[in-house]
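All values reported here derive from a predicted model rather than from experimental measurement. Per chain, numbering begins at 1; letters A, B, ... match sequence-line order. Below, all heavy atoms of this structure are taken into account, side chains as well, without hydrogens, waters or symmetry copies.
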There are 6 protein chains.
Amino acid sequence: MRILLVNPNTTATMTARIGTAARRVASASSRIEAVNPPDGPVSIEGYVDEAFAVPGLLRILRRSQGQWDAYIIACFDDTGLEAARCLGEAPVIGIGEAAFHLASLLSNRFSVVTTLSRSVAAIEHNLQRYGLSARCSKVRACEVPVLALDDPASGATARIAEEIAAALREDRSEAIVLGCAGMAEFASELSSRFQVPVVDGVAAAVRLAESLVGLGLRTAKIGPYAVPAPKAYRGQFEADSF
Amino acid sequence: MRILLVNPNTTATMTARIGTAARRVASASSRIEAVNPPDGPVSIEGYVDEAFAVPGLLRILRRSQGQWDAYIIACFDDTGLEAARCLGEAPVIGIGEAAFHLASLLSNRFSVVTTLSRSVAAIEHNLQRYGLSARCSKVRACEVPVLALDDPASGATARIAEEIAAALREDRSEAIVLGCAGMAEFASELSSRFQVPVVDGVAAAVRLAESLVGLGLRTAKIGPYAVPAPKAYRGQFEADSF
Amino acid sequence: MRILLVNPNTTATMTARIGTAARRVASASSRIEAVNPPDGPVSIEGYVDEAFAVPGLLRILRRSQGQWDAYIIACFDDTGLEAARCLGEAPVIGIGEAAFHLASLLSNRFSVVTTLSRSVAAIEHNLQRYGLSARCSKVRACEVPVLALDDPASGATARIAEEIAAALREDRSEAIVLGCAGMAEFASELSSRFQVPVVDGVAAAVRLAESLVGLGLRTAKIGPYAVPAPKAYRGQFEADSF
Amino acid sequence: MRILLVNPNTTATMTARIGTAARRVASASSRIEAVNPPDGPVSIEGYVDEAFAVPGLLRILRRSQGQWDAYIIACFDDTGLEAARCLGEAPVIGIGEAAFHLASLLSNRFSVVTTLSRSVAAIEHNLQRYGLSARCSKVRACEVPVLALDDPASGATARIAEEIAAALREDRSEAIVLGCAGMAEFASELSSRFQVPVVDGVAAAVRLAESLVGLGLRTAKIGPYAVPAPKAYRGQFEADSF
Amino acid sequence: MRILLVNPNTTATMTARIGTAARRVASASSRIEAVNPPDGPVSIEGYVDEAFAVPGLLRILRRSQGQWDAYIIACFDDTGLEAARCLGEAPVIGIGEAAFHLASLLSNRFSVVTTLSRSVAAIEHNLQRYGLSARCSKVRACEVPVLALDDPASGATARIAEEIAAALREDRSEAIVLGCAGMAEFASELSSRFQVPVVDGVAAAVRLAESLVGLGLRTAKIGPYAVPAPKAYRGQFEADSF
Amino acid sequence: MRILLVNPNTTATMTARIGTAARRVASASSRIEAVNPPDGPVSIEGYVDEAFAVPGLLRILRRSQGQWDAYIIACFDDTGLEAARCLGEAPVIGIGEAAFHLASLLSNRFSVVTTLSRSVAAIEHNLQRYGLSARCSKVRACEVPVLALDDPASGATARIAEEIAAALREDRSEAIVLGCAGMAEFASELSSRFQVPVVDGVAAAVRLAESLVGLGLRTAKIGPYAVPAPKAYRGQFEADSF
């Protein structure tokens, strides 16, 4: 099984870290490659970053169609997820939705701990769209920027732990979803420490992608995810046209 | 990985068929055993059957705690799912919820085709509780009883196919969920025929159970799924007490 | 008018107390009998207890069909309510739903005070299913177990009063619903003390049952509450089959 | 028990008919008086009629405070219900809400059959506000004006029966709510004919009012239903001021 | 463009102040007249005041039909809005809905600061009906009565500012809606002070009314806003009949 | 007042037509310029086209900040609306949201008629996000591609008229929203023909933009629409960085 994990930002060190995290949880029979586009923001924090990350993401998916059994979008905002689903039949999983769905199988209510409060509204809108708003008690921000997560000086784990403690104390939540691809490696330790399920979206997406491929399930191609009709694209995006 | 699939009705031939369907989609490293309780209805069609199926189901789960990595409840109503989650830390997956979650990753909207119209309201309530009502356009009934599904004379596949055709024509659905454990073996052929994803809950649950186990995720044990406090049970259920 | 009140747990002293509370509010023309099954848990606190309480409850209803004009299920979780409705045409009222409906006629928003926090999610799901979630500001737990409610040493009334005070201060609620059959006798005093409507489900259910019987209204028998089709039940539940 | 039923339109013959229907279902110990204001529209069909019916209705309630144990507003739009609740502590029940609540105890889903399609939106808004929208499959109009309901030449019962038949065939409803005070006398015959619960709001409100009074429950007087603060009213409404 | 702004209470000084506020934001080509009915409460605080304000409001609209291009109802409860829409084709805008709609174009979530807590539930119901509940984080009350707003001794601006500060600190709101026509003149200063959008409904309604008129858009006259059929009104309201 | 209308597709003839339609409804004091990006798809039909239209759109907004009082995004999907709001304080209005908000002021329920069924889900999600789903009865597609709308041979107006007729007959809608910028010029004729409000988003957005500017209201800059923090963008998008 070949799974392409796309980190939609352009920070290769983060891509490598996410790839490692993904391979750690993948089945033996899976080959996971982690890539990122050359074009776009170094991290995705808010709607503008999302907008400039999507073209690069879609190009990777489009050019590689047929070579991979499934795709993972490794940004917790599920950046470009719906456009990505239009590009082919291979399943595409966002790490945000993956985490939400698995957390829903383990708990009645969960809280999310993400990076910056700027992203809270976008995550809430995704939950609303997926239908899982009522399963999420609260989306919390630890206010550590994405690229500082792996800098020990940022105090990221301490800040995340504080928010988890607050969630368990105040939100009536029974499980935690980590709200950034860059938090993948903290999940296991935090779960041990707080004795609640702590769901990382990267790991969740790897397993869900393997599940769909293993079952021969592919993206629905009638309705909103149908392959786009051929159409002229102009200027900088001329080559991106179908 | 050891997964115990419990068919909560008492029809051993159906249990065997579901077990076969489950093993067909399981990973090589999984050992799946399919069992059913000795006590309870021969099929589950409506709230009364559910009520008398749950004690037997829970006994199986309780007595086997520690021997299995995950449990699957192989009835599309997700009979007894929440009580089952209270019995231990090993994940418990209902085939209804499994199918709904996977269909949500493949389509914007799906329809369900179940057996009898008597069960439609219960399935709708499950969708509401899981949060996925808005993802399901319609729950349809083919009006073939559970135990007639594998009787060629019942015309079950023709009836299911009619409802799928109606769903694609009238519901604006892009994918189909088969709403009974006994329909597992029809999924692949129906998907080929209608060229849309057809999701079978048994297969979906096997893969989701493997996913949760593979990730070391366990049921949240604070809140509603906490292990029951010790308490006297009386009469016929005396031995079922904690 | 003959009303059978079923306490679905097996604690006869509690059944007697509930019966007394019910008779105190019943019309002169009503004959109320309070019973409990011989089989099942001594109190219902969480999903597992519910599961083992339902068979005994349903047997009582089934065997007594035709002898009673209405049935009351005297557990605030409305244990087994939907299955019970399938057994006949006589109305079946849960004390939880009864309290929610009456509180909705008296206030814009109410809070619930129940026993253990373990039960909060189940009550919230009932509110969601009945449609009345938006009318309930919050479900609070006083953390006194069911069987300690009538033990003066438990400090139950003080704890309930604390939660009512908190509800009026913090929830913007205007009325209170007592969330356990065992709290029935506290309603009147608490209402006087806090000068807000305090609704007890047992009393509410008695009056609603009398209302439905008085109006000749019976349970809808098409759709999900239709009488089950005849079917074999096996083992311990063989005699429970239709 | 003294219950004042107020028909908020000014058609005394209709008031008399509703009063008769109410007394037919009341308990022996209840004294029901039916009145209507001298000021306002002869029937209530739409928002403008509602607006001009409310002052007369409120005057009746206000002047009679202390003389009655409960009030019923006998218009299916529940005209002026919330203002009426502010006027005192005695419970006030609208016949629309009464019917919706009782139908929710008897069925999973019901349909409403009202008079004119002009009123459908207002009824839907009431259902939304009470929280019971999801319990109502559809609000249907038979297109017979209120004052023609008791004119045999209007063919009212035939038109209502047609809509009930359509509801049972198309809406997946299991019970029917009659959506006008003037339909009270048809309920029993329609229920026999269609073999489903047919709920009349007048009867439902009488029983609910008796229930609340019998339980000593009164309207919450903190929050939106608090008694208005004293304030000058001018002109035609000078005397209506507190 | 001729716009009639109707203050539905009977306090002429308040009407004059609102008129001034409205003219300050109107386009040069608009002629705005502010009036109030002679009959009804001096301020609208709660459901009873609303009920006695509506007849006077409707009379003004009805008698002036044809003379104005649009109407504004200058009470934040949108008193009588739906009945007003039935009276003709000219658009009718409530200042509450106007403010909610414009705030939704400027922010993801807003808070409302109104006068008395008694009115909070009515505003919440309006938000629910318009569909904008999820856009409003919280409705807050500053507990200053309507007619004290322009009395410097009331400390109104300080109280409103306190609630705005609390909203920005606690509600995760990004914009503020002022919840009373009498607060119109505070908007600009509060917006400067808190550096967030502060939306006044009077100003919002003027611009929306101009927008609809400018586009030739008129109220839908099929369905609930159709002109009432001719019908007798009696007593005090005889002349109000169609 | 200076308003920049951005057609996010790259078809200049369509831009010109939309600009003409916008100027026709603008106030005398408004200067409206219509532009489109040089980079991107010639029309926007589905998620992939949206993704490649947004960078060009955002560049136009960003480079022109300070030169315009408000921006209109002239694509009915409200392409890139949230990212656009992050770029500055000047209000940004999508033509979809503009039409939904104005239609909500004129009718209880409306239907949308858009171009291709591929776009229906995206429009439904926008309605859900704005909160206005319950105000929209149905989103209908006339199945005429965007660029064929002004080709008389496409039969576009006839197809749109058919869907309007169906909406009025089947959806219980009272008003129509035209679901594509390219339909702007049909609104007036269709409104006359069907005698219901027909709302065009381009016109609606012009008036709403003028309203917000006239009132001095600007986009909330705390929370999700805050200006992005400075950050490196790479490759093709290097110059797009803050």
Quick test of your reading of the model: are [X] and [Y] salt-bridged, counting only N-O distances below 4.0 Å?
X	Y	answer
Glu124(C)	Lys138(C)	no
Arg234(C)	Asp39(B)	no
Lys221(B)	Glu89(B)	no
Glu45(C)	Lys231(B)	yes
Arg85(C)	Glu97(C)	yes

Which bit of [X] is near chain C, if near means a heavy-atom gap under 4.5 Å: side chain, backbone, both or neither?
X	answer
Val227(B)	backbone
Thr10(B)	both
Ile44(B)	backbone
Ser119(B)	neither
Ile222(B)	neither

Flag the one option from [options] with the top tally of heavy-atom pairs under 4.5 Å to chain C.
options	result
Ala121(B), Pro55(B), Pro38(B), Ala51(B)	Pro55(B)
Ala84(B), Gly80(B), Pro228(B)	Pro228(B)
Val120(B), Val48(B), Asn9(B), Leu147(B)	Val48(B)
Ala226(B), Gly46(B), Pro145(B)	Ala226(B)
Asp49(B), Thr11(B), Val54(B)	Asp49(B)

message: Report which part of Leu116(C) has an atom under 4.5 Å of a heavy atom belonging to chain B: side chain, backbone, both, or neither.
response: neither
message: Would you say Ser173(B) and Arg109(B) are linked by a side-chain donor-acceptor pair, where the criterion is simply a distance under 3.5 Å?
response: no
- prompt: Would a distance-only check, ignoring hydrogens and angles, find a side-chain to backbone donor-acceptor pair under 3.5 Å from Arg140(B) to Val113(B)?
  reply: no
query: Less than 6.0 Å separating the ring centroids of Tyr47(C) and Phe52(C)?
result: no
